[in-house]
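Read through the structure below, which is laid out as structure tokens, and then see the notes.
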Amino acid sequence: MDMGPVDIQRSLPNAERFWWDITPEELYPEDSRAVPALLKELATEPIDEVVQKEGGTQLKLILTMRNEAAALVKPMRFPREQETLPNHFYFSDYERHNAEIAAYHLDRILGFRRAPPVIGRLMNITTDLYAKATGKLLKTFFISPADNLCFHGKCSYYCDTGHAICGNPDMLEGSFAALLPHSDDAERKTWRHPWKRAYHKRRKATWEEDENYCEMVQEIPPYDKGRRLYDIMDMAVLDFLMGNMDRHHYETFEIFGNETFLLHLDHGRGFGKSQKDELSILAPLYQCCLIRASTLRTLYGYHTGRKLSDRLRESLSRDPLAPILLEKHLVAVDRRVGIILQVTERRDAKTGRDCCCFQVVQKCLDANDVADTVIYNDLLV
Ligand SMILES: Nc1ncnc2c1ncn2[C@@H]1O[C@H](COP(=O)(O)OP(=O)(O)OP(=O)(O)O)[C@@H](O)[C@H]1O
Ligand SMILES: [Mn+2]
């Protein structure tokens with residue numbers, strides 16, 4: 001049979017169609033048909049194989065479905081109500097499966113499309129996990145005093161009897177992230193984030209003490225030219241909106257070189273403190289005084305038009321584990337949009353129309369003669 005490229009693609013499994021659609025600009029297209037189909041499979045296909053994912057600090061599983069679609073799974077540790085423990089640092093915070101789900105939706109709604117698609121699923125710890133687990137993972141299952149089946153896996157953080165993951169009594173929620181293409185097919189490059197925190201209870205990172213830190217960054221490839229630094233700004237916007245302080249490294253697809261998007265991975269520590277707006281997450285923005293016009297426009301649109309929280313709530317309501325975020329986190333998201341824009345509504349003397357002054361952005365504009373040096377106009381190119 002004579003099959004053109006389009007026909008071949010249609011006959012591929014959804015996971016491979018998702019991989020085929022990855023471009024240097026985005027992880028999936030806005031109108032992707034593969035992504036919703038793949039997420040549906042991950043949420044409903046019978047689970048056939050369970051192994052622990054090697055690497056990383058906290059426990060993660062790779063679950064393979066009967067049709068061979070596979071997911072990176074983070075199991076639920078705590079109910080939605082529990083926030084980051086007050087005496088925990090950002091680097092000792094537990095991961096939240098619902099934050100992974102919410103971050104995917106938020107990334108998509110902001111128009112970035114740089115985070116792997118994630119869906120929630122309720123697993124049966126006995127029939128889905130214990131019955132399908134093998135090797136080292138299998139040996140960590142046990143029955144708790146409350147007669148629930150539990151397991152803890154092996155990892156460098158929170159993988160012991162005292163931090164076990166237990167069925168309640170038999171069911172367990174998890175975030176199911178679509179797997180990225182295997183590294184044999186699409187190798188990824190890992191970069192140290194220039195605004196990485198110190199990951200230490202006393203020490204500070206250089207950027208926290210050096211006001212001119214960005215000038216130094218701007219001279220170092222790949223931050224000295226092209227899109228990279230603007231992508232760092234976008235990532236800071238995403239992280240600030242969800243309160244994620246855990247951005248130590250980021251990854252890109254090697255074959256795309258430097259002119260490509262940054263993968264938005266690992267959001268398990270987002271949405272931990274609904275009352276706290278962690279301004280230091282915006283350090284790349286206010287230290288470099290840079291933002292993309294398209295990102296600014298998106299944020300402004302959510303400020304003046306339909307609220308980001310409303311879009312997010314609606315989008316999250318379609319997840320099988322909804323509600324994914326408590327209202328207080330949605331309220332926080334809108335408040336944080338306002339903080340980035342820092343809108344003090346004023347009347348424009350000339351036009352009589354309401355106009356706005358942006359604090360983070362406005363401060364940068366005040367300090368520069370030309371707006372072009374602050375707002376990169378990617379809308380015209
Ligand atoms: N959807 C995915 N498909 C394939 N690999 C992934 C996916 N998401 C993450 N990874 C890989 O798995 C690694 C660990 O994932 P993640 O960072 O979410 O877990 P973690 O336990 O928080 O790790 P760390 O402690 O290193 O921050 C990542 O560095 C990334 O390379
Ligand atoms: Mn992590």
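Being a predicted model, the structure only gives us computed values, none of them experimental. As a basis for the values below, the full set of heavy atoms in this structure was taken, side chains included, without hydrogen atoms, waters or symmetry mates. For reference, positions follow the sequence shown, starting with 1. All ligand and atom numbering here is 1-based and tracks the order in the structure.
Side chains of W20 and L12 form a contact here, defined as non-hydrogen atoms less than 4.5 Å apart.
Considering each of T57, L263, L72, the one bringing a non-hydrogen atom nearest atom 8 (N) of ligand 1 is L72.
Within 6.0 Å of atom CD in E209, more than 12 heavy atoms from other residues, nucleotides or ligands are found, so the atom counts as buried in its surroundings. Within a 6.0 Å sphere centred on CZ of R306, heavy atoms belonging to other residues, nucleotides or ligands number more than 12.
On the SG-SG cut-off of under 2.5 Å, C166 and C150 qualify.
Taking a 4.0 Å cut-off on heavy atoms, K53 registers as neighbouring ligand 1. Heavy-atom separations between E95 and ligand 1 include at least one value shorter than 4.0 Å. Ligand 1 is never approached by H249 to a heavy-atom distance shorter than 4.0 Å. The closest approach between any non-hydrogen atom of C155 and ligand 1 is not below 4.0 Å.
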Could you tabulate the donor-acceptor pairs under 3.5 Å formed by side-chain atoms of residues 319-330, not counting sequence neighbours?
unit_1, atom_1, unit_2, atom_2, d
D319, OD1, G120, N, 3.4
D319, OD1, L321, N, 2.8
D319, OD2, G120, N, 2.9
E327, OE1, R313, NH2, 2.9
E327, OE2, R313, NE, 3.0
K328, NZ, E83, OE2, 3.3
H329, NE2, E83, OE2, 3.4

Quick one: side chains of residues 252-261, donor-acceptor pairs under 3.5 Å with protein atoms, not counting sequence neighbours, listed by atom name and distance.
unit_1, atom_1, unit_2, atom_2, d
T252, OG1, W191, NE1, 2.9
E259, OE2, R227, N, 3.1
T260, OG1, P24, O, 2.8

Donor-acceptor pairs under 3.5 Å, side chain of residues 102-116 to any protein atom, not counting sequence neighbours: which ones?
unit_1, atom_1, unit_2, atom_2, d
Y104, OH, R108, NH1, 3.3
H105, ND1, S315, OG, 2.6
D107, OD1, H264, ND1, 2.7
D107, OD2, R113, N, 3.2
D107, OD2, R114, N, 2.8
D107, OD2, A115, N, 3.0
R108, NH2, S315, OG, 2.6
R113, NE, E26, OE1, 3.1
R113, NE, Y28, O, 3.4
R113, NH2, E26, OE1, 3.0
R114, NH1, D231, OD1, 3.4
R114, NH1, D234, OD2, 3.0
R114, NH2, D234, OD2, 3.4

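Atom 27 (O) of ligand 1 has its closest protein heavy atom at D266 OD2, 2.9 Å. Considering only non-hydrogen protein atoms, atom 5 (N) of ligand 1 sits nearest to R188 NH2, 3.5 Å. For atom 4 (C) of ligand 1, the closest non-hydrogen atom on the protein side is L180 N, 3.6 Å. The protein heavy atom nearest to atom 23 (O) of ligand 1 is G56 CA, 3.5 Å. Of all protein heavy atoms, the one lying nearest to atom 1 (N) of ligand 1 is A178 O, 2.9 Å.
Tested against E173, the residues R80, R96, R77 include a single salt bridge (charged side-chain N to carboxylate O under 4.0 Å, His left out) partner, R80.
Aromatic ring centres of Y94 and Y157 lie farther apart than the 6.0 Å criterion allows.
Side chains of D160 and H163: a donor-acceptor N/O pair is present below 3.5 angstrom, by distance only. With 3.5 Å as the limit, one finds a donor-acceptor pair spanning the side chains of E41 and N67.
Residue-to-ligand polar distances keep P116 apart from ligand 1: every N/O pair is separated by 3.5 Å or more. By the 3.5 Å distance cut-off applied to N or O atoms, E251 is counted among the residues near ligand 1. At a 3.5 angstrom cut-off on N or O pairs, K60 counts as close to ligand 1.
A cation-pi geometry, defined here as NZ or CZ lying under 6.0 Å from the six-membered ring centre and within 45° of its normal, does not hold between R311 and Y302.
Of all atoms in ligand 1, numbered sequentially from 1 with element shown, those under 4.0 Å from a heavy atom of K74 are 16 (P), 18 (O), 19 (O), 22 (O). Numbered from 1 in the order shown, with element, the atoms of ligand 1 that lie under 4.0 Å from a heavy atom of Q58 read 21 (O). Taking every non-hydrogen atom of L179 and a distance limit under 4.0 Å, the qualifying atoms of ligand 1 come out as 3 (N), 4 (C).
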**OP:** Report the C-alpha distance between F151 and L61 in whole Å, list the side-chain angles of each, state the deciding distance to 0.1 Å, and finish with yes or no for side-chain contact (heavy atoms from CB on, under 4.5 Å).
**Re:** CA-CA 12 Å; F151 70 103; L61 305 171; 4.1 Å; yes
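Listed by chain and number, D266 OD2 are the protein N/O/S atoms closer than 2.8 Å to the Mn ion (ligand 2), with waters left out.
Remark: D93 does not engage R269 in a salt bridge, criterion side-chain N to carboxylate O under 4.0 Å.
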